[in-house]
Amino acid sequence: MSFIPRVVVLSGAGISAESGIKTFRDNNGLWENHSVEEVATPEAFHRDPRLVHRFYNLRRQQLTNGSVEPNKAHLDLAKFEQEWPGEFLLVTQNVDNLHEAAGSENVIHMHGELLKVRDINTGKIQTWEEDIDPGKQPTLRPHIVWFGEIPLMLDEIYRQLELCEVFISVGTSGNVYPAAGFAQVARRAERHEVNVESSQISTHFDEHWVGPASEKLPELLDHLRHRFMT
């Protein structure tokens, strides 16, 4: 074993969709006749915290009632992290806990986490698995990056993207920034895209693995093992 590249993986909604995570959007893009933006902005929370909490309580319940589990893509990614002899970072746009449930450890949730809350007065973050009642917990908000807010740990993410030699994007649409620009930041890296179809940023990648994440990501990870660990 000689050169072992630094690996950064970006995961998006596509990897969780295979586990049955609901999108909470109807075909017309609405949730209970509300646009998602109406329940996912600081202004919406200020205007109607009860509505916003109900939306996130339902999403949180998916993770705590046992209805969703990590799929093969989550599990193989965690196994790869444990085996990989070099630097590894997983950056996820997803707010679920499926990567951690699969065993991933070095994870940055750039859009926050459903199973955490933040106090709007003190900024204190804590793990939270129950519903939030704004009448009983008036200072708590979901630890989620809403529309109009800045994603978490961007400085560290950009630093790692500039350093990595292999960048993998899995299950991302390529239309949400700043994550859609990560492939260009990782321009010195070998760049792989795993997706069920071409995305808006497919031209920024060197190799394309077209198909479900649970099938194609394990193939790509085995490809990297064979090249660098044998």
Using modelled atom types only, decide if a donor and an acceptor are shared between the side chain of Asn97 and the backbone of Glu113 within a distance under 3.5 Å.
-> no
Side-chain donor or acceptor of Arg6 paired with backbone N/O of Gln160 under 3.5 Å = no
Rounded distance (nearest 0.5 Å) linking atom OG of Ser198 with atom CG of Asn195 | 8.0 Å
Between Ser202 and His208, is any side-chain donor less than 3.5 angstrom from a side-chain acceptor?
-> no
Run the salt-bridge test on Lys79 and Asp76 with the 4.0 Å N-O cut-off and return the result as yes or no.
-> no
Do Arg47 and Glu43 meet the salt-bridge criterion of a basic N to acidic O distance under 4.0 Å?
-> no
Would you say the side chain of Pro151 lies within less than 4.5 Å of the side chain of His111, judging by non-hydrogen atoms?
-> yes
May I ask whether Ile201 and Phe182 are part of the same hydrophobic cluster, defined by side-chain heavy atoms of I, L, V, M, F, W, Y residues being less than 4.5 angstrom apart, directly or through others?
-> yes
Donor-acceptor contact below 3.5 Å, side chain His109 vs main chain Val95 = no
Check His53 against Pro142 and note the closest heavy-atom contact, atom names and distance.
-> CE1-CD, 3.7 Å
Donor-acceptor pair, side chain of Arg188 and main chain of Leu163, under 3.5 angstrom | yes
Ile157 versus Leu10: any side-chain heavy-atom pair under 4.5 Å?
-> no
Crowding at CD, Glu207 (>12 non-hydrogen neighbours, <6.0 Å) = yes
Where the side chain of Arg60 meets the backbone of Leu114, is there a donor-acceptor pair that is under 3.5 Å apart?
-> yes
Salt-bridge test for Arg227 and Glu190: reply yes if a basic N is under 4.0 Å from a carboxylate O, no otherwise.
-> yes
Trp146 and Tyr56 aromatic ring geometry - parallel, tilted or perpendicular at 30°/60° bounds = tilted
Indicate yes or no for a side-chain donor-acceptor contact from Gln62 to the backbone of Val68 under 3.5 Å, with no hydrogens or angles considered.
-> no
Do Met153 and Met110 touch side chain to side chain, with heavy atoms closer than 4.5 Å?
-> no
Mutual orientation of the aromatic rings belonging to Phe228 and Trp84 [parallel < 30°, tilted 30-60°, perpendicular > 60°] = perpendicular
Evaluate the criterion side chain to side chain contact (heavy atoms under 4.5 Å, CB included) for residue pair Leu224 and Phe80; output intermediate values, then yes/no.
-> CA-CA 10 Å; Leu224 294 177; Phe80 181 84; 4.2 Å; yes
Which word best sums up how the rings of His192 and His223 line up, parallel for under 30°, tilted for 30 to 60°, or perpendicular for over 60°?
-> perpendicular
Electrostatic pair Glu149:Arg141 at N-O distance under 4.0 angstrom | yes
For Ile132, the hydrophobic cluster (side chain heavy atoms closer than 4.5 Å, chained through members) also holds Val117, Trp128, Leu140
Glu156 and Ile108: side chain to side chain contact (heavy atoms under 4.5 Å, CB included), yes or no, with the steps?
-> CA-CA 9 Å; Glu156 175 61 13; Ile108 292 178; 4.1 Å; yes
Are Asn57 and Arg54 close enough that a side-chain donor and a side-chain acceptor fall under 3.5 Å?
-> no
Determine whether more than 12 heavy atoms belonging to other residues, nucleotides or ligands lie under 6.0 Å from atom CD of Glu130.
-> no
Is the side chain of Thr92 donor-acceptor paired with the backbone N or O of Asn94 at a distance under 3.5 Å, no angle test?
-> yes
Taking atom types as modelled, is there a side-chain donor on Ser199 or Glu193 under 3.5 Å from an acceptor on the other?
-> yes
With sequence neighbours excluded, tell me which residues meet side-chain hydrogen bond (donor to acceptor under 3.5 Å, both in side chains) with Asn106.
-> none
Under 3.5 Å, is there a donor-acceptor pair linking the side chains of Gln61 and Asp131?
-> yes
N/O donor-acceptor pair under 3.5 Å between Glu18 side chain and Ser214 backbone = yes
